[in-house]
**Student:** 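Can you keep this structure in mind? I'll have questions shortly.
Values reported hereafter were calculated over all heavy atoms of this structure, with side chains retained and with hydrogens, waters and symmetry mates removed.
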Amino acid sequence: MNPRDDVLHLRRGGTSVILDLSTAPLPTIVHWGADLGELPVAALSSLAVAARPQRVSGGLDATPRLTVIPTEAAGWMFTPAIEGHRSGAGSSILFALSQVTADDHSATLELVDAAAGLSARVELTLGVAGVFTQRVTLRNTGDSAFTVDRLQATFPLPWDATEILDTTGHHLRERAPQRRPLALGTHLRESRRGRPGADATVLLAAGRPGFGFEAGLVHGLHVAWSGNHRVLAERTSNGDAFLAGGELFLPGEVVLAPGEEIATPPVMGSWGEGLSALSHRFHDEWRARPQHPSRPRPITLNTWEAVYFDHDLARLTALAAAAADVGVERFVLDDGWFLGRRDDTAGLGDWLVDPVVWPDGLHPLVDHVRALGMEFGLWVEPEMVNPDSELARRHPDWILRGRADLPPSARQQQVLDLAHPDAYRYISERLHALLEEYPIAYLKWDHNRDLVDAAAGPGGVARVHATTQALYRLLDELKAAHPALEIESCASGGARVDLGILDRTDRIWTSDSLDPLERLPNQRYTGLVVPPEMMGAHLTTPHLHTSGRTVDLELSAAVALIGHVGIEWDLTATDAATRARIAEWVVYAKSLREMIATGRTVHVDGADPGVDVRGVVAADRSQAMFTIVQTATDAAWPPGRVRMPGLDDDRLYRLTLSPLTRDHDAGQSALEWATVDTVLTGRQLSVVGLRPMVQQPQRAIVVDVVAVD
């Protein structure tokens, strides 16, 4: 970059970001989106000039701009990027640009407000896949404490982005989509649960009306943070539209002493022609990390729905043997193994193997599991404590609370103050001791309640920010000491799904609901940000205790394929024929998992709400797998054609129905294309499509697509 230029053009991964450095008082992002190619300086300057607004009647003499850090002192009368004060005074903030350093795909802006005693650093980075990440660091350069009330990053939107999409939900129904117009004003989503929460939006997206997965320009924002956070979309009366996000600070939670600083978490923006293209940027970006899981994702059996708290060595060894017989590679012992833990009312915090249930420790089970060729995993919930525990009785001051009384209970438990040095030391020592005594390859790390009134003791400061940082430090230290250890982030299902936690763990438990029909939208919208190989997806018992629905194995398995496949089922209660069918699905899942972990997820926009079509296309587009799930009765009978996009337009592909699902045909004649050698081009499959098999509701088929070379 030429430091004399008044415009910066960052380019990478098919994305351009253009900054006008000459706007007062701070630079303005005039474009974030499609790569504009190599542009001469004159064209860049002209683009910046073309974005400058006129003065209008009734307004300020200089129309305020959406700068990188818009503030009221600069004339910005909409949502600011920073708010704070010094004991109620000194709230006026007006940064000026002091220094710029940049290369082809990143820029760092140094900002100063000497009068306010503050400086800031804005880091703008385009990743390898074109994900645009911002991080804002605020430093107190004054001689008194500065309380930070708000600190967030802003991302400009095209003016025609007038429809927004986010997600909401509750336990067992996380990440349910909702849409609405983006009118003048603010659409605000806040998480005040001490974790993202089951109702949190994993992505706030805004685009042209009617955007879908396959078409329509759309931009989206994700805050990579596992505590309280805020995202918003805003459309202003002066012609600006933007997304913004960052951590949400509780009152008085962040007070910077002179010389101290605080940074936003990474705030990540993606865009695309359709939501699939937007999500591919997130997936490709995440997979490029050096710590991203690279070995095949082990087929995992978790014991929770098989035995619950009934820990019996004979029963568990029989379950392990049955798991090994169907091809399971990782056996995870869930809740109930530690001191006094016979139900969910006691024991949390006492991370010692219960000598009553396990007189020889976990060694007999661990040795048995490993002798069968499987890895051993263990459930823990280190951030929580039952009041009925030795830990709580000895150290009540280690429990997060803002008053003398404990906060409202949830699942009969409270939250441990990991920011307390002694509490942190105890939990760290117990976890390291377990990992050193037993060959544990995997921790299922749970977090079964929201944080309420989470403070450092009666009358103390709010602790969500500090405990989140302590959690990150603990995970980082465990990974450093045990490099082969994998960790799953579970939070009463999918209540802590964000790229902050996933930067330190290896998968999420997507939802406690294993109902495949409920899982379809959950996995679709979780996958906007999270790549499928990091989304736990298990086939399960036919009768589902979370919904009361009864489903067949084929539907459960087909829905689990586009994820990290596992099993949540008491296999010892199944007959030989059922276990043989499960084993066939396990073999098939293993054949697909490399493609699932490296390919591109495709969601098809269809006209029939009763038919769900999705798939994964290999990175080189040499093969693909699509599932066609009948969620409800068809609008047409037989159904109309479905498309299979994402393949190479000019390449020929052979289509076959997987034998694992082809017996679901409810038609009265054969599906002709499935009985002959059917070869179509990628363009034909994307544009024209084919007739799917006639299916009754709650049925699924799997179609294998292989290039004809």
**Student:** Identify the two heavy atoms, one from Glu383 and one from Leu418, that lie closest to each other, and give their separation to 0.1 Å.
**Tutor:** CG-CD1, 3.8 Å
**Student:** Decide yes or no for Ile508 and Cys490: does some side-chain heavy atom of the first lie under 4.5 Å from some side-chain heavy atom of the second?
**Tutor:** no
**Student:** Please step through side-chain contact (heavy atoms from CB on, under 4.5 Å) for the pair Thr186 and Phe78, ending with a clear verdict.
**Tutor:** CA-CA 9 Å; Thr186 305; Phe78 308 99; over 6 Å; no
**Student:** Decide, yes or no, whether a salt bridge links Glu486 with Arg507 under the criterion of side-chain N to carboxylate O below 4.0 Å.
**Tutor:**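 No, no charged N to carboxylate O under 4.0 Å.
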**Student:** Any side-chain donor-acceptor pair under 3.5 Å between Arg65 and Thr23?
**Tutor:** no
**Student:** Using modelled atom types and a 3.5 Å cut-off, is there a donor and acceptor pairing between side-chain atoms of Thr63 and backbone atoms of Gln54?
**Tutor:** yes
**Student:** First locate atom CD1 of Ile164, then atom CZ of Arg189, and finally report the distance between them rounded to the nearest 0.5 Å.
**Tutor:**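 Interatomic distance, Ile164 CD1 to Arg189 CZ, rounded to 0.5 Å: 9.5 Å.
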**Student:** Check whether any side-chain N or O of Arg135 sits under 3.5 Å from a backbone N or O of Thr264 as a donor-acceptor pair, and report yes or no.
**Tutor:**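 Yes; judged by distance alone, with no hydrogens or angles, the pair exists.
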**Student:** For Pro64 versus Asp240, what's the shortest heavy-atom pair and its separation?
**Tutor:**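 Heavy-atom minimum between the residues: O-OD2, 4.2 Å.
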**Student:** When you compare the side chain of Leu406 with that of Ile399, does any pair of heavy atoms fall below 4.5 Å?
**Tutor:**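 The answer is yes, as the side chains (C-beta and beyond) meet within the 4.5 Å cut-off.
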**Student:** Are any non-hydrogen side-chain atoms of Leu124 and Leu109 less than 4.5 angstrom apart?
**Tutor:**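 SC-SC contact between Leu124 and Leu109 confirmed.
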**Student:** Does any non-hydrogen side-chain atom of Leu431 lie less than 4.5 Å from one of Glu429?
**Tutor:**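 Heavy-atom side-chain distance check fails, nothing below 4.5 Å.
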**Student:** Is a salt bridge present between Arg180 and Asp166, judged by a nitrogen-to-oxygen distance below 4.0 Å?
**Tutor:** no
**Student:** Could you check whether Arg179 makes a cation-pi contact with Phe211, meaning its NZ or CZ is under 6.0 Å from the centre of the six-membered ring and within 45° of the ring axis?
**Tutor:** yes
**Student:** May I ask you to say whether Asp453 pairs ionically with Arg401, meaning some side-chain N is under 4.0 Å from a carboxylate O?
**Tutor:** no
**Student:** Distance-only, no hydrogens or angles: does the His219 side chain make a donor-acceptor pair with backbone N or O of Trp32 under 3.5 Å?
**Tutor:** yes
**Student:** Rounded to the nearest 0.5 Å, how far apart are OG1 of Thr505 and CD of Gln291?
**Tutor:** 10.0 Å
**Student:** Rounded at 0.5 Å granularity, tell me how far NE2 in His465 sits from CG in Leu250.
**Tutor:** 11.0 Å
**Student:** For a 4.5 angstrom cut-off between non-hydrogen side-chain atoms, does Val128 reach Asp284?
**Tutor:** no
**Student:** Do the side chains of Leu126 and Val131 get nearer than 4.5 Å, heavy atoms only?
**Tutor:** no
**Student:** Among Thr79, Val136, Val223, whose side-chain contact (heavy atoms from CB on, under 4.5 Å) with Gln152 holds?
**Tutor:**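 Filter result, single survivor: Thr79.
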**Student:** Just by distance, do the side chain of His447 and the backbone of Asp450 share a donor-acceptor pair under 3.5 Å?
**Tutor:**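 No: the side chain of His447 does not pair with the backbone of Asp450.
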**Student:** Is there a side chain to side chain donor-acceptor pair (under 3.5 Å) between Ser45 and Asp6? Walk through the geometry before answering.
**Tutor:** CA-CA 7 Å; Ser45 295; Asp6 60 358; 3.1 Å; yes
**Student:** When you measure from the side chain of Arg121 to the backbone N and O of Leu111, does any donor-acceptor pair fall under 3.5 Å?
**Tutor:**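 Flag not set: sc Arg121 to bb Leu111 has no pair under 3.5 Å.
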**Student:** Using 4.0 Å as the upper bound for N to carboxylate O, is an ion pair formed by Asp104 and Arg12?
**Tutor:**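 Salt bridge absent between Arg12 and Asp104.
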**Student:** Do we see a donor-acceptor contact under 3.5 Å between the side chains of Ser98 and Glu110?
**Tutor:**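 Their side chains do not contain a donor-acceptor pair, so the 3.5 Å distance test is not met.
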**Student:** Say whether, by atom type as modelled, one donor and one acceptor occur between the side chain of Ser16 and the main chain of Arg11 under 3.5 angstrom.
**Tutor:** no
**Student:** Listed by chain and number, what are the side-chain hydrogen bond (donor to acceptor under 3.5 Å, both in side chains) partners of Gln99, not counting sequence neighbours?
**Tutor:** none
**Student:** Give the minimum heavy-atom separation between Ile93 and Ala73, together with the two atoms involved.
**Tutor:** O-CB, 3.2 Å
**Student:** Taking Arg195's backbone N and O only, do any of them form a donor-acceptor pair with Ser191's side chain (distance below 3.5 Å, no angle check)?
**Tutor:**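 A pair under 3.5 Å: yes.
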**Student:** Does Arg394, at its CZ atom, have more than 12 non-hydrogen atoms belonging to other residues, nucleotides or ligands within less than 6.0 Å?
**Tutor:** no
**Student:** Quick one: CG on Asp149 to CD1 on Ile82, what's the gap to the nearest 0.5 Å?
**Tutor:**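 Asp149 atom CG to Ile82 atom CD1 measures 9.5 Å (nearest 0.5 Å).
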**Student:** Decide side-chain contact (heavy atoms from CB on, under 4.5 Å) for Leu278 and Leu203; before the verdict, give the C-alpha distance in whole Å, the side-chain angles of both, and the deciding distance to 0.1 Å.
**Tutor:** CA-CA 11 Å; Leu278 177 152; Leu203 183 82; 3.8 Å; yes
**Student:** Taking it one step at a time, do Trp271 and Phe132 satisfy side-chain contact (heavy atoms from CB on, under 4.5 Å)?
**Tutor:** CA-CA 9 Å; Trp271 70 278; Phe132 180 31; over 6 Å; no
**Student:** Side chain of Thr467, backbone of Val464: donor and acceptor closer than 3.5 Å?
**Tutor:**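 Checking the backbone N and O of Val464 against the side chain of Thr467, a donor-acceptor pair under 3.5 Å is found.
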**Student:** Can you tell me how far the CH2 atom of Trp286 sits from the OG atom of Ser279, to the nearest 0.5 Å?
**Tutor:** 15.0 Å
**Student:** Write down the atom of Pro293, the atom of Arg289, and the distance for their closest heavy-atom approach.
**Tutor:** CD-NH2, 4.3 Å
**Student:** Please give me the minimum heavy-atom distance between Leu97 and Leu21, naming the atom from each residue.
**Tutor:**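 So the two residues come closest at CD2-O, 4.4 Å.
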**Student:** Taking the side chain as every heavy atom from C-beta outward, state whether Val122 and Thr137 have any pair of such atoms under 4.5 Å apart.
**Tutor:** no
**Student:** Taking Tyr424 for its side chain and Leu471 for its backbone only, find out whether a donor-acceptor pair lies under 3.5 Å.
**Tutor:** no
**Student:** Is any side-chain N of the basic residue among Asp506 and Lys479 closer than 4.0 Å to the acidic one's carboxylate O?
**Tutor:**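 Here Asp506 pairs with Lys479 in a salt bridge, since their nearest N and O are under 4.0 Å apart.
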**Student:** Quick check: does any side chain N or O of His85 sit under 3.5 Å from a backbone N or O of Phe146, one acting as donor and the other as acceptor?
**Tutor:** no
**Student:** Test ring-ring contact (aromatic ring centres under 6.0 Å, His included) on His482 and His432 and set out the steps.
**Tutor:** CA-CA 9 Å; His482 309 277; His432 282 288; 5.3 Å; yes
**Student:** Output the distance between atom CE (Met534) and atom CZ (Arg287), rounded to the nearest 0.5 Å.
**Tutor:**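 Separation between the atoms: 10.5 Å.
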**Student:** Taking the ring centre of each residue, are Phe242 and Phe155 less than 6.0 Å apart?
**Tutor:**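 No, the ring centres sit 6.0 Å or more apart.
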**Student:** Establish, yes or no, whether the cationic atom of Arg504 lies under 6.0 Å from the six-membered ring centre of Trp445 and within 45° of the ring axis.
**Tutor:** no
**Student:** Residues two or more places apart in sequence or in another chain: which of them pass side-chain hydrogen bond (donor to acceptor under 3.5 Å, both in side chains) with Trp509?
**Tutor:** Asp512
**Student:** Is the ring centre of His395 less than 6.0 Å from the ring centre of His420?
**Tutor:** no
**Student:** Looking at His222 and Val202, what are the two nearest heavy atoms and their distance?
**Tutor:** ND1-O, 2.8 Å
**Student:** Using a 4.5 Å cut-off on heavy atoms from C-beta on, say whether the side chain of Asp35 contacts that of Thr15.
**Tutor:** no
**Student:** Would you call Arg496 and Glu174 a salt bridge, using N to O less than 4.0 angstrom?
**Tutor:** no
**Student:** Counting only heavy atoms not in Glu72, do more than 12 fall under 6.0 Å of its CD?
**Tutor:** no
**Student:** One pair to check against side-chain contact (heavy atoms from CB on, under 4.5 Å): Leu182 and Glu163. What are the steps and the verdict?
**Tutor:** CA-CA 5 Å; Leu182 177 57; Glu163 184 178 10; over 6 Å; no
**Student:** I'd like to know if Asp20 pairs up with Arg52 as an ion pair, taking the criterion as any Lys NZ or Arg NE/NH1/NH2 lying under 4.0 Å from an Asp or Glu carboxylate oxygen.
**Tutor:**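 Yes, charged N to carboxylate O under 4.0 Å.
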